[in-house]
Structures are given as C-alpha cells and as structure tokens.
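Shown next, in structure tokens, is the structure this report addresses.
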Amino acid sequence: MKKIQISPSILSGDFSQLGNEIKRLEEAGADMIHVDVMDGHFVPNMTIGPPVIKALRKYTSLIFDVHLMISPVHKYIEDYSNAGADIITVHPEATDNLDASISKIKDLKRKVGVSLNPETKIDIILNYLKKIDLILIMSVNPGFGGQKFMPEVLEKIKKLKTIREEKKLNFDIEIDGGINFENSKLAIQAGANILVSGTTIFKSNNGDIKKNIELLKSS
Ligand code: DX5
Ligand code: ZN
C-alpha cells in the first residue's frame, strides 16, 4: 500500500506572495508542491512560467510537482527542468509525440508525469506505463481551481491500479480537481495515493492549512 501524500496546489494560494505560501505549506506538512502552469491556449487561463518557478525554488526543498497545462509542451520541458521542476507532468492531448516528451523528461533526470483530462481514456498511455513515474487523473476539466469533482474518473483510477498490480509496475496515481474531505476517501479507495488540492486546503476551516492537510492525509 503506497503512503498517501498531499500535493497542495498553489493556484489557490496568494499569488502576491507565493514564496511565503510555499513555506507555509511545507510547515503545514505538505509532501510536495503542485504547481499549475497554464498558457491560455491548452486551457482558458494563464498562470506562471519558468522564471517564477526558478524564483520559488529557493523557498523549499520539497518536490515541485509541476503540472504543465500548455501546448505545445515538448519544446518547453527543459526550461521547466532548469527552473527546478522535480516531477514534470504533461498532457498527451498537448503533444504529438508523447514518447519523445517522456524520453526528454527522463534524459533530464526528472520524474515523468502524464495527466489525463476527464474525457481522455487510459488506453492512450497503456504502452508507456513502464516509463511513467506518475499518472495524474484530472477530476475536473483543467484551467481553474474551485470546480466540482467529477466522480466518473474514479473508474480510471481503479483500472490503472489493477493494471499496475497485474504488470508489477510502481507508478504513483495522483488525482487533481475538486478534492474535498468526502471525495478524498473515494479517491484513495479507488487507488489514488497522491491528492492534489487547492480550494479545500486553502479555504476550509478558516484557512487552517495544517488541519486541512492532516484531514486529507487521514482520509
Ligand atoms: C486545475 C488544476 C488543479 C486545481 C486544483 O486545472 O490542475 O490543480 O488547481 O484546485 P482545486 O483543488 O480547487 O480544484
Ligand atoms: Zn493541477
């Protein structure tokens, strides 16, 4: 049984002081930091890029779990690695050569993440599972925090967990979007071992992020 880890999304944090937010999250028990990169093209929103990630790198030694919601993505992978990304997660929907993007991330000695939008079937990544360190299952359509959880994606997690056991693989299963204190239990039961959360961590219980991380971790 993999240890349950919490990867808070800074998208829901105070963008005027992201460095301090990251320090707060580390002190509150975050296992890694989920950094949502958006380009206004792959998703209808824009956030931060390599210069900001580079500036944030010195605020923590925690893993930067970087979720690239950008297209094209391949030509920018090295920039995110150089900025300090530890896990680089790409969307197959954003690259015409997933294999090349996976190889590029591995060549840069970073962990390979692949993220599937709610309507994307797991079939498109089954041939790559041996090369993937983490599968990020979106439980919302990417672009914004605070959206409603889509429970139908739990089926994908169950299937991936079964395949992982059958093929004796070891990739992590991360879920991202609308996670709260109720559906986190369902996600873990389905087989997720990393929970991304922005709104629930930053806004619940009067913004007590330590309590919120602990509640999610004990789901
Ligand atoms: C959405 C992002 C998610 C989002 C999660 O496109 O990928 O990481 O920030 O935020 P909540 O937990 O508020 O849905
Ligand atoms: Zn994300």
Side-chain angles (χ1 to χ4, degrees), residues 4-15 18 21-22 24-25 28 30-49 52-53 56 62-71 73 76 80 85-94 111-120 133-154 156-157 172-188 192-205 207-209 211-217 219:
I4 301 303
Q5 297 186 79
I6 305 301
S7 187
S9 164
I10 55 173
L11 184 66
S12 302
D14 178 346
F15 262 47
L18 282 178
E21 292 288 68
I22 283 173
R24 268 196 337 129
L25 287 168
D31 294 291
M32 55 184 85
I33 303 291
H34 188 79
V35 183
D36 285 310
V37 176
M38 300 181 187
D39 64 355
H41 175 238
F42 182 69
V43 292
N45 195 2
M46 297 174 94
T47 57
I48 59 176
V52 177
I53 293 173
L56 295 174
L62 284 181
I63 287 170
F64 273 3
D65 168 32
V66 177
H67 179 190
L68 296 181
M69 289 163 276
I70 65 174
S71 169
V73 60
Y76 296 109
Y80 285 96
D86 297 290
I87 301 171
I88 298 178
T89 297
V90 299
H91 276 263
E93 309 94 335
K111 286 214 174 220
V112 175
V114 175
S115 181
L116 300 179
N117 283 338
E119 76 285 356
T120 304
D133 299 296
L134 175 143
I135 299 175
L136 173 56
I137 296 297
M138 294 307 295
S139 36
V140 296
N141 285 308
F144 299 92
Q147 299 182 80
K148 195 169 172 334
F149 180 76
M150 298 165 72
E152 58 270 31
V153 307
L154 293 172
K156 288 198 269 189
I157 294 179
D172 286 317
I173 301 175
E174 185 176 47
I175 187 166
D176 183 8
I179 294 292
N180 60 34
F181 301 127
E182 288 72 43
N183 59 40
S184 57
K185 296 174 179 54
L186 302 175
I188 291 167
N193 66 289
I194 304 174
L195 304 178
V196 175
S197 166
T199 305
T200 295
I201 287 177
F202 279 99
K203 311 280 187 249
S204 303
N205 295 305
D208 183 341
I209 59 174
K211 178 174 183 175
N212 295 334
I213 288 172
E214 282 166 2
L215 285 170
L216 284 175
K217 210 171 265 194
S219 296

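Just the heavy atoms: all of them, side chains too, but no hydrogens, waters or symmetry mates, feed the values below. No experiment lies behind these values; they were computed from the predicted model shown. All ligand and atom numbering here is 1-based and tracks the order in the structure.
Across Gly178 and Asn183, no two heavy atoms sit closer than the pair O-ND2, 2.9 Å.
Of the possible polar contacts, one joining the Asp133 side chain to the Val112 backbone as a donor-acceptor pair under 3.5 Å is found. In terms of modelled atom types and a separation under 3.5 Å, the side chain of Asn45 and the main chain of Phe144 share no donor-acceptor contact. Under a 3.5 Å cut-off, the side chain of Lys211 and the backbone N or O of Ser204 do not form any donor-acceptor pair. Between the side chain of His91 and the main chain of Met69, no donor-acceptor pair closer than 3.5 Å is present. At least one donor-acceptor pair closer than 3.5 Å links the side chain of Thr47 to the backbone N or O of Met38.
Counting only protein N, O or S atoms, the number found under 2.8 Å from the Zn ion (ligand 2) is 4.
Taking the side chain as every heavy atom from C-beta outward, Asp31 and Ile194 never approach each other to under 4.5 Å.
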For this session: Evaluate the criterion side-chain contact (heavy atoms from CB on, under 4.5 Å) for residue pair Tyr80 and Val73; output intermediate values, then yes/no.
Result: CA-CA 10 Å; Tyr80 285 96; Val73 60; over 6 Å; no
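Heavy-atom contacts from other residues, nucleotides or ligands closer than 6.0 Å to NZ of Lys111 number 12 or fewer.
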N or O contacts of ligand 1 with protein under 3.5 Å, please list pair by pair.
from     : atom 1 : to     : atom 2 : distance (Å)
ligand 1 : 6 (O)  : Gly143 : N      : 2.7
ligand 1 : 7 (O)  : Asp36  : OD1    : 3.0
ligand 1 : 7 (O)  : His67  : ND1    : 3.2
ligand 1 : 7 (O)  : Asp176 : OD2    : 3.1
ligand 1 : 8 (O)  : His34  : NE2    : 3.4
ligand 1 : 8 (O)  : Asp36  : OD1    : 3.2
ligand 1 : 8 (O)  : Asp36  : OD2    : 2.8
ligand 1 : 8 (O)  : Asp176 : OD1    : 2.6
ligand 1 : 8 (O)  : Asp176 : OD2    : 3.0
ligand 1 : 9 (O)  : Ser9   : OG     : 3.0
ligand 1 : 9 (O)  : Asp36  : OD2    : 2.9
ligand 1 : 12 (O) : Gly198 : N      : 2.7
ligand 1 : 13 (O) : Gly146 : N      : 2.8
ligand 1 : 13 (O) : Thr199 : N      : 3.0
ligand 1 : 13 (O) : Thr199 : OG1    : 2.5
ligand 1 : 14 (O) : Gly178 : N      : 2.8

